[in-house]
Q: 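Got a structure for you, written out below as structure tokens; questions coming shortly.
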Protein chains: 2
Amino acid sequence: MTGVKDNTGGQTRIQRDKIAQISEAALDVFSTHGFRGATVDQIAKAASLSKPNLLYYFPSKEAIHTHLLENLLDTWLDPLRQINPDGDPLDEILTYVRRKLTMSRDMPRESRLFAYEIIQGAPNMGAGLEEVLKPLVDGQAQVIRGWMEDGRLRPADPHHLIFSIWSLTQHYADFDVQVRTVLGPKVTDPFPQAEDYLVTLFTRMLAP
Amino acid sequence: MTGVKDNTGGQTRIQRDKIAQISEAALDVFSTHGFRGATVDQIAKAASLSKPNLLYYFPSKEAIHTHLLENLLDTWLDPLRQINPDGDPLDEILTYVRRKLTMSRDMPRESRLFAYEIIQGAPNMGAGLEEVLKPLVDGQAQVIRGWMEDGRLRPADPHHLIFSIWSLTQHYADFDVQVRTVLGPKVTDPFPQAEDYLVTLFTRMLAP
DNA sequence: GTCTATAACACGATAGAC
DNA sequence: GTCTATCGTGTTATAGAC
């Protein structure tokens with residue numbers, strides 16, 4: 001009983017707030033410039049903190065980055081986790097596609113942070129990929145494979161199906177500049193078009 | 001007639017060779033660490049040159065990077081350029097998909113260099129996107145649209161069709177680590193599987 | 001708990017001998 | 001044309017006053 005703590009997990013309220021504040025700023029900076037491109041100065045300024053003060057809450061620049069990635073993976077995989085084995089197969093897939101596309105629209109910074117990390121060879125996420133992502137994907141791939149074997153979806157490799165959903169939805173976040181340049185200034189929001197296209201694509205691919 | 005020059009474009013043979021040698025090394029380093037993550041030291045070492053000697057051939061680190069990107073764009077868009085308006089529509093699309101996937105397999109460094117640049121907002125390629133990529137895409141999108149209007153392909157947004165081909169094929173280069181982790185060590189080469197999947201996907205999407 | 005000052009280092013780029 | 005030595009800057013991280 002310390003009396004001075006008001007926490008969930010060994011942190012005071014102030015610490016929790018500051019850490020959240022730094023995380024928010026760091027997400028901004030890391031997702032724009034990458035890990036090496038980002039500087040502690042930038043993050044401190046974005047968080048309205050002095051640099052030494054920031055380094056009081058996190059021991060190093062890398063610690064901030066790792067903290068962000070650790071918290072991100074669960075959020076990022078949540079839509080995949082929500083695929084319901086008892087639902088209608090095509091509905092479940094299309095709902096998954098829509099959720100992932102919505103995340104690309106509403107969380108482009110997280111998408112880019114993730115993309116930077118994977119492109120670089122996931123130097124700060126080795127355990128997460130092997131121990132969290134792979135088992136989840138394998139499990140849901142089995143569910144999808146079951147649907148295909150029951151004739152409720154047209155057959156296709158379930159792992160590559162999941163890859164394709166990731167790839168296509170995240171493209172609209174990570175390559176936003178390219179998408180907007182090609183579509184031209186008249187298209188203020190590419191996402192409704194993207195949703196129509198992707199629903200059509202996966203319906204034609206999977207509807208029995 | 002200078003006599004000492006053996007060139008195509010105002011460079012001696014030695015200069016041309018060294019520049020090629022530096023470009024090769026820089027592609028390695030930039031595609032692994034990104035622009036900011038790469039150091040001139042690393043590039044010089046990879047090119048078996050001293051740092052000052054490298055900076056004798058290129059005025060700055062940024063100049064090397066720009067040089068790479070300028071030479072890359074044409075190569076990168078070549079498969080799209082080769083779509084033949086007089087060919088069989090589905091064949092042309094599937095050939096394009098296969099070519100792009102082959103490039104992901106054989107030129108993953110170029111793919112990553114490109115991905116880094118676009119994710120960052122294309123700070124060194126603003127002109128190229130607007131003046132080279134967009135016109136080419138618009139032109140080929142018109143060809144595809146014509147095929148769809150003639151009933152030779154099922155209708156779909158041609159711009160997003162091209163986005164999806166880019167996204168899916170480049171995914172296997174840029175997110176290689178993730179793909180291999182999920183597929184597991186038994187799959188030594190993901191590309192044959194990927195080709196099968198993508199051919200199926202676009203055939204079901206487009207075959208009339 | 002927060003700030004100023006600064007250490008310690010790596011980086012890009014240059015100068016000058018050879 | 002190539003090398004060694006080095007400058008100046010920007011960076012992470014720490015020490016110590018308040």
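Convention: sequence-line order gives letters A, B, ...; per-chain numbering from 1.
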Q: How long is the line joining NE2 of A/His33 and P of D/dG10, in whole Å?
A: 16 Å
Q: Can a donor-acceptor pair be found, under 3.5 Å and without considering hydrogens, that links the side chain of B/Gln140 to the backbone of B/Leu80?
A: yes
Q: For B/His33 and B/Tyr116: C-alpha separation, side-chain torsions, deciding distance, then whether ring pair (Phe, Tyr, Trp, His ring centres under 6.0 Å) applies.
A: CA-CA 9 Å; B/His33 304 288; B/Tyr116 269 118; 9.1 Å; no
Q: From D/dT11, C/dG1, C/dC11, pick the nucleotide closest to the side chain of B/Thr39?
A: C/dC11
Q: Just to be sure I understand the rule, does A/Phe58 reach a base, reach only the sugar-phosphate, or reach nothing, if contact means heavy atoms closer than 4.0 Å?
A: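 Nothing, no heavy atom under 4.0 Å.
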Q: Quick check on DNA chain C: between A/Leu49 and B/Arg36, whose nearest nucleotide comes earlier from the 5' end?
A: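 Mapping each residue to its closest nucleotide by heavy atoms, the 5'-most match is A/Leu49.
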Q: Would you please test A/Arg112 and A/Glu117 for salt bridge (Lys or Arg N to Asp or Glu O under 4.0 Å) and show each step?
A: CA-CA 8 Å; A/Arg112 289 193 174 98; A/Glu117 181 67 9; over 6 Å; no
Q: Going by side-chain hydrogen bond (donor to acceptor under 3.5 Å, both in side chains), A/Ser111 matches just one of A/Thr169, A/Asp176, A/Asp174. Which one?
A: A/Asp174
Q: Output the rounded distance in Å from CD1 (A/Ile19) to C1' (C/dG1).
A: 14 Å
Q: In whole angstrom, what separates B/Lys51's NZ from D/dT4's C1'?
A: 12 Å
Q: Tell me the interatomic distance from B/Asn53, atom CG, to D/dT2, atom P, rounded to whole angstroms.
A: 5 Å
Q: Over how many whole Å does the gap from A/Asp41 atom CG to D/dG10 atom P extend?
A: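 For the pair A/Asp41 CG and D/dG10 P, the rounded distance is 11 Å.
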Q: When you check the phosphate oxygens OP1 and OP2 of C/dT2, does a side-chain N or O of A/Tyr56 lie under 4.0 Å from one of them?
A: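 Answer no for this pair, as no side-chain N or O of A/Tyr56 is under 4.0 Å from OP1 or OP2.
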Q: Return the value, rounded to whole Å, for the distance between atom CG of B/Leu55 and atom C1' of C/dC11.
A: 11 Å
Q: In whole angstrom, what separates B/Tyr57's OH from C/dA13's P?
A: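 After rounding, the reported distance stands at 18 Å.
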Q: Which nucleotide in the set D/dT4, D/dA13, D/dT2 lies at the smallest distance from any side-chain heavy atom of B/Lys18?
A: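 Minimum distance to the B/Lys18 side chain belongs to D/dT2.
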Q: Classify A/Ala38 by what it touches in the nucleic acid, base, sugar-phosphate, or nothing, heavy-atom distance under 4.0 Å.
A: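 The residue A/Ala38 makes sugar-phosphate contact but no base contact.
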Q: Please find out if less than 6.0 Å separates the ring center of A/Tyr57 from that of A/His67.
A: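 No.
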Q: Checking contacts here: which listed nucleotide (C/dA13, D/dT4, C/dT4) is nearest the side-chain heavy atoms of B/Ser50?
A: D/dT4
Q: What is the distance, rounded to the nearest whole Å, between atom CD1 of B/Ile43 and atom P of C/dA13?
A: 10 Å
